[in-house]
> 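Dumping the structure here so I can ask a few things about it.
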Amino acid sequence: MPSIAYVNGKFSPIEDAVVSVEDRGFQLGDGIYEVLRTYQGRLHAVEEHMRRLFRSLDAIGLKHAFTSAALEEIINDAVKRAGFTDSLVYLQITRGATKRAKVFPQAVPPTLVITVRKLELPTDAMRERGVAIMTADDIRWQRCDIKTVCLLPNVLASQRAAAAGCFEALFVEKDGTVNECASANVFIVASGVVVTPPLSTRILSGITREEVITLARKNGVPMEERRITLDDLLAADEVFLTGTTTEVLPVVKVNDRRIATGKPGPVTQRLHTLFRTLAD
Ligand SMILES: Cc1ncc(COP(=O)(O)O)c(C=O)c1O
């Protein structure tokens, strides 16, 4: 079966899968999600994704009876049914379907949706030449650490970036503090030190971000988690993004300003090679 969906216990082709018009995810954005991928059919970092999923559920007070083992079993079943070598797994849990009201409903079961599609990755040319990104005012809410389906600011920023031919939108605070991209974390390399913004409520704790930090430390690459300003980023020797599908992706242009030589740098390339060794 190609792209498939699982909705509250039922598998179907993705086109046939439906949720109620009263679903709180659809009406209120009252839900959370995770995105995982497989390498050669095997889920990558599934424990870390499950941990973040349960943290998001707790953070929005969504009552449920899911266990990580049960969810993993369904995901693995879905991946097997779809049968792709490399799959993109989307999992969403909302506070269920009921008459629209802002307050939490009582005794309404959550809606669980899982979809599995063929994974689409950045092209070899993007990896070899690097990508351009565009800055955007960070107008998101104050809990970007929760992986919520309320993504309108990310949608609008991503659309503006795409319209300008850019791969990603980079959220920057009014005071110049760099947070993260609409779907990825950001790193710079300055004077041989790899730097990324520290965890806070302004960024998502990316699984790939954590893997890259660990890899850098294990392999003797100087690594710091500290505030980065847009000026730091524009003056950096290298800039790269991390994410489940982006892995480690070089950035060579920000708002028409070239980063260093305008070519992917050696530290980015080394970290990507180390990451692939870990993932494959
Ligand atoms: C806003 C945001 N930041 C960072 C990431 C990267 O997280 P991960 O490495 O867990 O995919 C994502 C992933 O989609 C994201 O949406």
Side-chain angles (χ1 to χ4, degrees), residues 29 31-39 43-57 59 68 75 86-93 114-115 117 119-122 131 133-162 166-173 177-188 194 196-216 225 228 233 239-251 268 271-272 274-276 278-279:
I32 57 91
Y33 75 106
E34 270 299 323
V35 178
L36 300 87
R37 65 160 289 179
T38 63
Y39 283 89
L43 287 170
H44 178 71
V46 64
E47 279 171 32
E48 289 81 355
H49 282 281
M50 287 298 134
R51 218 174 295 134
R52 186 170 67 185
L53 172 79
F54 283 97
R55 205 192 315 132
S56 295
L57 287 169
S68 140
I75 297 171
D86 284 326
S87 295
L88 182 73
V89 178
Y90 176 80
L91 185 157
Q92 174 176 313
I93 298 175
I114 296 169
T115 60
R117 298 169 181 277
L119 181 67
E120 279 170 27
L121 295 166
V131 297
I133 63 173
M134 188 176 140
T135 55
D137 291 342
D138 200 342
I139 56 164
R140 298 175 302 163
W141 74 327
Q142 299 297 320
R143 292 301 309 273
C144 301
D145 55 317
I146 303 172
K147 207 162 165 62
T148 159
V149 296
C150 294
L151 289 170
L152 195 52
N154 303 50
V155 167
L156 297 179
S158 299
Q159 176 55 33
R160 271 197 299 272
C166 291
F167 176 76
E168 257 285 17
L170 175 67
F171 287 119
V172 180
E173 303 279 4
T177 304
V178 167
N179 288 330
E180 63 177 340
C181 286
S183 311
N185 291 107
V186 65
F187 288 67
I188 64 169
V194 179
T196 195
L199 289 184
S200 73
T201 53
R202 301 301 295 145
I203 69 166
L204 183 76
S205 60
I207 308 293
T208 323
R209 172 190 178 279
E210 212 57 52
E211 289 175 314
V212 166
I213 291 173
T214 306
L215 275 175
E225 290 173 73
I228 297 172
L233 187 123
V239 175
F240 64 89
L241 309 180
T242 64
T244 294
T245 54
T246 37
E247 298 180 338
V248 176
L249 188 67
V251 172
T268 305
L271 288 171
H272 188 234
L274 287 167
F275 181 81
R276 286 308 304 241
L278 172 99

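When a ligand or atom number is given, it counts from 1 through the structure's own listing order.
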> Look at ligand 1 and say whether Arg52 reaches it with a heavy atom at a distance under 4.0 Å.
yes

> Just how far is it from atom CG of Leu36 to atom CZ of Arg52, taken to the nearest 0.5 Å?
8.5 Å

> Is Ile207 touching ligand 1 with its side chain, its backbone, both, or neither, if touching means heavy atoms under 4.0 Å apart?
both

> Considering the heavy atoms of Gly243, write down every atom of ligand 1 situated less than 4.0 Å from one of them.
6 (C), 9 (O), 11 (O)

> Could a heavy atom of Glu211 be found less than 4.0 Å from some atom of ligand 1?
no

> At a 4.0 Å cut-off, with the gap strictly under it, does some heavy atom of Ala182 reach an atom of ligand 1?
yes

> Test salt bridge (charged side-chain N to carboxylate O under 4.0 Å, His left out) on Glu247 and Arg37; report intermediate values, then the result.
CA-CA 11 Å; Glu247 298 180 338; Arg37 65 160 289 179; 3.3 Å; yes

> Do the rings of Phe240 and Phe187 sit parallel, tilted or perpendicular, given the 30° and 60° boundaries?
parallel

> Which heavy atom of the protein is the closest neighbour of atom 9 (O) of ligand 1, given with residue, atom name and distance?
Thr208 OG1, 2.6 Å

> I would like to know whether Arg140 and Glu173 meet salt bridge (charged side-chain N to carboxylate O under 4.0 Å, His left out); could you show each step before the answer?
CA-CA 10 Å; Arg140 298 175 302 163; Glu173 303 279 4; over 6 Å; no

> Give the contacting part of Cys144 toward ligand 1: side chain, backbone, both or neither, where contact means a heavy-atom distance below 4.0 Å.
neither

> Would you please determine whether Cys181 falls within less than 4.0 Å of ligand 1 on a heavy-atom basis?
yes

> Which ligand 1 atoms, with their elements, are less than 4.0 angstrom from a heavy-atom of Thr244?
8 (P), 9 (O), 10 (O), 11 (O)

> Going by the closest heavy atom to atom 5 (C) of ligand 1, which one wins out of Ala45, Ala184, Ser205?
Ala184

> Number the atoms of ligand 1 from 1 as they appear, then name those within less than 4.0 Å of a heavy atom of Lys147, with their elements.
13 (C), 14 (O), 16 (O)

> Take Arg51 and Ser68 through the side-chain hydrogen bond (donor to acceptor under 3.5 Å, both in side chains) test and state the conclusion after the steps.
CA-CA 8 Å; Arg51 218 174 295 134; Ser68 140; over 6 Å; no

> Verify the distance criterion only: is there a donor paired with an acceptor across the side chains of Thr177 and Arg202 at less than 3.5 Å?
no

> Would you say the side-chain atoms of Thr196 pair up with the backbone N or O of Val186, donor to acceptor, closer than 3.5 Å?
yes

> When rounded to the nearest 0.5 angstrom, what is the spacing between CG in Leu199 and CD1 in Ile203?
5.0 Å

> To the nearest 0.1 Å, how far is atom 3 (N) of ligand 1 from its closest protein heavy atom, and which atom is that?
Glu180 OE1, 2.6 Å

> Is there a side-chain contact between Val89 and Ile114, using heavy atoms and a 4.5 Å cut-off?
yes

> So, 4.0 Å and heavy atoms of Asn185: is ligand 1 close enough to count as a contact?
yes

> Any atoms of ligand 1 less than 4.0 Å from a non-hydrogen atom of Gly206? List them with their elements.
7 (O), 8 (P), 9 (O), 10 (O)

